[in-house]
> 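Quick one: the structure is below, and I'll ask about it shortly.
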Amino acid sequence: MLSGRRLDLLDPAPLDIEIEDIAHGLAFVARWNGQTKGDFPYSVAEHSLLVETLFARIMPAAGAKWKLAALLHDAPEYVIGDMISPVKAAVGPGYGSLDQRLTAAIHLRFGLPAEVPNAIKSKIKRADKISAWMEATEIAGFSAAEATKLFGRPDPALAHGLSIRLRPAAEVRAEYVARHRALLAAA
């Protein structure tokens with residue numbers, strides 16, 4: 001990692017995980033395999049910031065700990081990349097197992113339970129689908145009908161005033177680290 005840490009992907013240790021490494025990696029991983037409109041790729045870091053915002057709207061009473069879990073929902077992708085669902089399925093159960101081990105180590109590193117409770121996980125997934133619908137319709141060339149078939153139609157009130165932002169990686173990385181620090185301090 002850029003921090004100088006060595007991370008064993010098959011047996012990740014929480015102490016080998018640094019938020020700066022996560023933010024850096026996610027800021028350079030493109031969602032939609034980079035097949036989006038705009039001058040910058042839409043990064044997993046930017047997506048994660050949006051998911052955390054949407055999660056907070058879905059669960060306004062959620063504590064900072066669960067908002068942190070929402071921000072970190074795709075954190076393993078900093079080292080394993082972002083794969084579209086059909087590719088994940090083709091890779092098989094090994095991908096899911098790797099993702100789970102990395103998620104547990106990341107969560108433990110930042111004071112979260114290794115496994116997020118299902119009630120919270122389902123709300124994060126809902127925010128993730130709203131974000132995916134927004135991405136599909138705003139930057140990935142999908143019609144609203146196509147996106148709705150894949151992700152469901154989001155409640156317009158939850159996405160009100162939000163839009164997909166395309167920015168340089170350094171800017172997104174800095175915002176991701178700042179948001180992480182704010183949530184960690186409040187947790």
Side-chain angles (χ1 to χ4, degrees), residues 1 3 5 7 12-27 29 31 42-80 82 85 88 96-135 138 151-165 167 169-187:
M1 303 294 116
S3 65
R5 300 263 187 204
L7 181 66
L15 292 178
D16 290 332
I17 295 167
E18 298 293 338
I19 193 58
E20 292 80 6
D21 292 332
I22 292 172
H24 181 79
L26 294 182
V29 174
R31 298 250 313 152
Y42 187 66
S43 73
V44 175
E46 191 76 71
H47 162 78
S48 297
L49 288 161
L50 178 58
V51 168
E52 189 263 323
T53 298
L54 289 163
F55 172 78
R57 289 181 176 193
I58 292 166
M59 288 194 74
K65 171 168 95 169
W66 301 129
K67 291 175 186 174
L68 181 60
L71 181 69
L72 294 170
H73 81 283
D74 279 339
E77 294 178 10
Y78 88 105
V79 289
I80 59 175
D82 182 31
S85 295
K88 287 179 187 177
S97 177
L98 176 62
D99 185 74
Q100 287 174 343
R101 285 192 304 273
L102 284 164
T103 297
I106 290 165
H107 283 185
L108 293 173
R109 170 65 173 92
F110 299 115
L112 297 170
E115 178 100 12
V116 173
N118 285 334
I120 300 298
K121 194 183 292 187
S122 69
K123 300 296 191 249
I124 294 171
K125 189 64 180 166
R126 182 174 171 206
D128 195 34
K129 285 187 172 195
I130 294 168
S131 178
W133 189 94
M134 292 172 66
E135 295 163 26
E138 291 182 38
F151 309 111
R153 181 89 173 142
D155 177 350
L158 292 174
H160 179 74
L162 300 175
S163 62
I164 300 303
R165 295 168 46 186
R167 303 183 283 166
E171 191 177 318
V172 179
R173 178 179 60 219
E175 185 177 335
Y176 189 95
V177 169
R179 185 64 184 147
H180 178 270
R181 287 186 178 145
L183 289 170
L184 200 57

> Can you tell me how far apart CG (L162) and CD1 (I130) are? Round to the nearest 0.5 Å.
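Output value for this atom pair is 9.5 Å.
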> Check whether R173 reaches the backbone of A27 with its side chain - one donor and one acceptor, N or O, closer than 3.5 Å.
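The answer is no, because no donor-acceptor pair under 3.5 Å joins these two groups.
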> Mind checking whether Y176 and L71 have side chains closer than 4.5 Å, heavy atoms only?
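Contact flag for Y176/L71 side chains = yes.
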> Keeping the roles fixed (side chain from E138, backbone from I164), state whether a donor-acceptor pair exists under 3.5 Å.
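Checked: pair present.
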> Please evaluate residues R126 and S122 with respect to the criterion side chain to side chain donor-acceptor pair (under 3.5 Å), reporting the C-alpha separation (whole Å), side-chain torsions for both, the decisive distance (0.1 Å), and the verdict.
CA-CA 6 Å; R126 182 174 171 206; S122 69; over 6 Å; no
> Provide the closest heavy-atom pair for V177 versus E20 in the form atom of the first, atom of the second, distance.
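In this case the closest contact between V177 and E20 is CG2-CA, 4.4 Å.
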> Would one find more than 12 heavy atoms of other residues, nucleotides or ligands at under 6.0 Å from atom NZ of K121?
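Yes, the 6.0 Å shell around NZ holds more than 12 heavy atoms from other groups.
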> To the nearest 0.5 angstrom, please state how far the CG atom of D99 sits from the CG atom of D74.
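Between atom CG of D99 and atom CG of D74 there are 8.0 Å.
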> Applying side chain to side chain contact (heavy atoms under 4.5 Å, CB included) to V79 and M1, what does each step give before you reach the verdict?
CA-CA 9 Å; V79 289; M1 303 294 116; 3.7 Å; yes
> Where do I120 and F55 land on the side chain to side chain contact (heavy atoms under 4.5 Å, CB included) test, with the steps shown first?
CA-CA 9 Å; I120 300 298; F55 172 78; 4.1 Å; yes
> Going by an N to O cut-off under 4.0 Å, is there a salt bridge joining R179 and E46?
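No salt bridge links R179 with E46.
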> Please indicate whether K125 has more than 12 foreign heavy atoms, meaning atoms of other residues, nucleotides or ligands, lying under 6.0 Å from its NZ.
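Counting other residues, nucleotides and ligands, NZ of K125 stays at 12 neighbours or fewer.
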> Walk me through whether S48 and E52 qualify under side chain to side chain donor-acceptor pair (under 3.5 Å).
CA-CA 6 Å; S48 297; E52 189 263 323; over 6 Å; no
> Would you say the side-chain atoms of H73 pair up with the backbone N or O of A70, donor to acceptor, closer than 3.5 Å?
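Checked: pair present.
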> Under the criterion ring-ring contact (aromatic ring centres under 6.0 Å, His included), I'd like the reasoning laid out for F110 against H180: C-alpha separation, chi angles, the key distance, then a yes or no.
CA-CA 10 Å; F110 299 115; H180 178 270; 4.4 Å; yes
> Set out, in order, the CA-CA distance, both residues' side-chain angles and the distance that settles side chain to side chain contact (heavy atoms under 4.5 Å, CB included) for H47 and D82, then state yes or no.
CA-CA 11 Å; H47 162 78; D82 182 31; over 6 Å; no
> Has R57 got a side-chain atom pairing as donor or acceptor with L158's backbone, closer than 3.5 angstrom?
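A pair under 3.5 Å: yes.
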